[in-house]
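Whatever order the structure lists ligands and atoms in, that order sets their numbers, starting from 1. We count residues from 1, following the sequence as given. Hydrogens, waters and symmetry mates play no part in the numbers below; they use all other heavy atoms, side chains included. This structure is a prediction, so every number in the text was calculated from the model and none was measured.
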Amino acid sequence: MSNQPVRVRFAPSPTGSMHVGGIRTALYNYLFAKHHGGSMVLRIEDTDSERSDHKLAEEQLDDLRWLGIEWDEGPHVPGEFGPYYQSERLNYYKQYVDQLLKEGHAYYCFLTDEEIEAQKAKAEANGDPYQIVSPYRDFSYDDPKITKRLEKNEKATVRFKVKDPNRIYTFEDLVRGEINLPAHMVGDFVLLRSDGMPVYNFCCVVDDHAMKISHVFRGEEHLSNTLRQLMLYESLGFEIPHFGHLSIILDEDRKKLSKRHKAASCSDLKTLGYVPEGIINYLALLGWSHPRGEEILSMTDLVESFTVDRVNASPAVFDIQKMHWLNGQHIRNMTPKQLWALLSELPEFSKLALPTSNGWNEKALAVIWSECDTLAHAIDLLRIWFDQSHFNIVEPSKEVLDWPNTKMILEAWLSQLNDDAFLTADAYKAIVENIKTTVEGGVKGKFLFMPLRVAMIGSPHGPDLHLLAEALPVKLLKERAAACLKLCN
Ligand code: GLU
């Protein structure tokens with residue numbers, strides 16, 4: 001690393017919700033900055049006024065904060081280089097357009113959309129790749145032929161002039177090694193739209209320079225933009241930052257992860273019950289690996305161990321099973337209090353009819369703790385196991401209820417349940433010991449425990465019986481045992 005201070009930026013366009021790819025880009029920028037003691041800038045790229053929405057920008061910021069990706073400068077965090085919404089920086093761009101026009105790197109172009117469409121159609125008919133050919137490219141900005149038309153308020157864009165199509169632009173990508181981009185990949189591109197609004201490639205270069213950005217990490221789909229930006233850096237005489245292009249993310253079918261995927265956006269992940277710690281851990285591993293192969297990592301661990309040489313250039317496959325598993329690990333890393341606080345904030349939680357007695361939630365947590373991988377799953381389990389209106393005797397229980405001793409076991413169980421609000425551990429143990437000996441011929445193992453579990457939760461499989469027996473109010477235990485008994489032969 002050079003002595004230049006590390007300054008990275010995450011620069012979302014507020015045209016949609018925050019997606020997995022965007023979160024990973026933000027995260028890698030954040031981890032890189034924090035690992036090197038640098039700063040992260042957050043900049044909103046909203047000069048496409050038709051597609052940008054302030055509300056979406058604020059939602060994206062909320063998502064980042066929820067995930068624990070905090071920025072050092074940006075919206076709501078004043079810094080030396082603000083404002084951080086590009087739409088509030090329009091006067092910063094103007095001087096550089098003028099500079100490019102004056103120095104012959106850009107020109108006014110009066111081509112209309114129809115003329116451009118006609119050029120495209122012609123190229124297509126001839127089977128040629130399309131590239132814009134502007135009859136205005138060789139006119140200076142102050143040529144009277146141009147100034148007269150401007151004075152008449154004719155609509156013009158300002159285009160960058162790609163001077164040498166045969167030139168190859170080369171740079172050392174921090175993720176992918178040497179990259180060579182031939183200039184002819186791009187035609188003369190727009191800097192200012194005809195309504196005077198500057199476009200992404202131009203604003204991005206002006207701002208990365210103005211904000212003293214040292215490293216730019218973004219998705220590989222931006223490589224052709226990087227070519228345009230390299231041309232701009234050179235023409236404006238700006239120092240070029242280091243670039244690192246992150247691989248694309250593929251879905252389970254090895255197709256580009258679509259925005260329609262059920263877990264594509266931050267709000268999807270939240271709704272599915274993933275916790276920030278799980279999401280961050282999983283996305284960090286989606287294209288990067290820990291030097292000792294460790295998998296369960298907190299943000300602090302990640303900051304400590306993240307280096308760009310371990311970022312993988314090949315496509316990353318989004319594996320929701322793995323995220324699920326990692327999320328479960330982070331849920332189990334929380335204290336019961338933390339988990340309960342998260343669950344009780346969820347809108348579904350308030351719809352549950354749960355036991356209300358003091359200390360009950362600790363007993364319930366002991367039951368769901370080892371079983372749930374997401375908060376949504378925890379809510380489901382609370383609903384199925386503790387909300388009597390959702391008690392349901394599921395299919396595999398029917399066979400258990402038909403076993404020869406089941407009826408006797410459940411009768412014994414029901415008759416020994418006391419009138420206390422809850423069973424104590426000792427009371428439960430005593431009942432079970434009693435059943436073992438009183439049922440004719442003796443009963444043990446699964447032939448004892450499966451019937452009891454069915455009588456508690458309507459399923460032969462699930463958490464430890466003694467945890468359930470202590471967490472379910474005796475009133476529910478009685479109702480459920482009676483309902484099961486009715487189905488026994
Ligand atoms: N606003 C661009 C985007 O959201 C940013 C690309 C970049 O990081 O330069 O894709």
Side-chain angles (χ1 to χ4, degrees), residues 6-33 39-54 56-61 63-64 69 71 73-75 81 83-90 93 160 169 171 173-176 179 181 186 189-191 193 197-233 236 238 240-249 256-259 264-266 287 308 311:
V6 167
R7 289 178 55 83
V8 303
R9 85 308 191 266
F10 179 58
S13 300
T15 54
S17 41
M18 182 64 71
H19 281 91
V20 162
I23 303 173
R24 189 190 57 170
T25 301
L27 177 64
Y28 282 18
N29 273 294
Y30 175 86
L31 295 176
F32 182 83
S39 312
M40 169 145 134
V41 175
L42 204 130
R43 183 173 76 225
I44 302 289
E45 302 203 322
D46 61 345
T47 58
D48 183 347
S49 42
E50 260 169 43
R51 298 177 60 226
S52 300
D53 181 343
H54 191 82
L56 287 172
E58 291 296 326
E59 278 172 22
Q60 292 181 340
L61 298 176
D63 285 343
L64 290 173
I69 303 176
W71 49 100
E73 294 165 34
F81 303 101
Y84 295 94
Y85 274 82
Q86 285 186 330
S87 57
E88 293 170 20
R89 300 176 60 80
L90 297 180
Y93 308 123
F160 183 82
Y169 284 78
F171 68 97
D173 189 285
L174 293 170
V175 176
R176 325 180 91 74
I179 301 270
L181 300 168
V186 298
F189 54 92
V190 172
L191 303 176
R193 291 190 198 92
M197 280 303 264
V199 304
Y200 156 69
N201 275 302
F202 175 58
C203 301
C204 178
V205 169
V206 170
D207 287 343
D208 282 346
H209 171 75
M211 296 176 180
K212 297 196 179 346
I213 299 303
S214 61
H215 295 76
V216 171
F217 294 101
R218 60 185 170 207
E220 67 173 302
E221 66 277 11
H222 284 290
L223 269 171
S224 64
N225 288 326
T226 302
L227 171 59
R228 293 179 180 93
Q229 294 177 17
L230 288 172
M231 294 174 179
L232 282 167
Y233 276 107
L236 289 163
F238 293 165
I240 299 173
H242 300 283
F243 289 104
H245 290 85
L246 310 175
S247 67
I248 57 164
I249 301 178
K256 189 170 185 277
L257 187 75
S258 143
K259 294 189 174 168
S265 72
C266 188
V308 73
V311 174

Trainee: Could you list the residues that satisfy side chain to side chain donor-acceptor pair (under 3.5 Å) with Arg218, not counting sequence neighbours?
Mentor: Tyr200, Thr226, Gln229
Trainee: What residues form a side chain to side chain donor-acceptor pair (under 3.5 Å) with Glu59, not counting sequence neighbours?
Mentor: none
Trainee: Can you tell me how the ring of Tyr85 sits relative to the ring of His54, calling it parallel under 30°, perpendicular over 60° and tilted otherwise?
Mentor: parallel
Trainee: Angle class for the Phe189/Phe160 ring planes (parallel below 30°, perpendicular above 60°, tilted otherwise)?
Mentor: parallel
Trainee: Going by the rule side chain to side chain donor-acceptor pair (under 3.5 Å), which residues pair with Glu220 if we only count those two or more places apart in sequence or in a different chain?
Mentor: Arg176
Trainee: Any donor-acceptor pair under 3.5 Å linking the side chain of Ser87 with the backbone of Asp46?
Mentor: no
Trainee: Using a 4.0 angstrom limit on heavy atoms, which residues are close to ligand 1?
Mentor: Arg9, Ala11, Pro12, Ser13, Glu45, Tyr200, Cys204, Arg218, His222
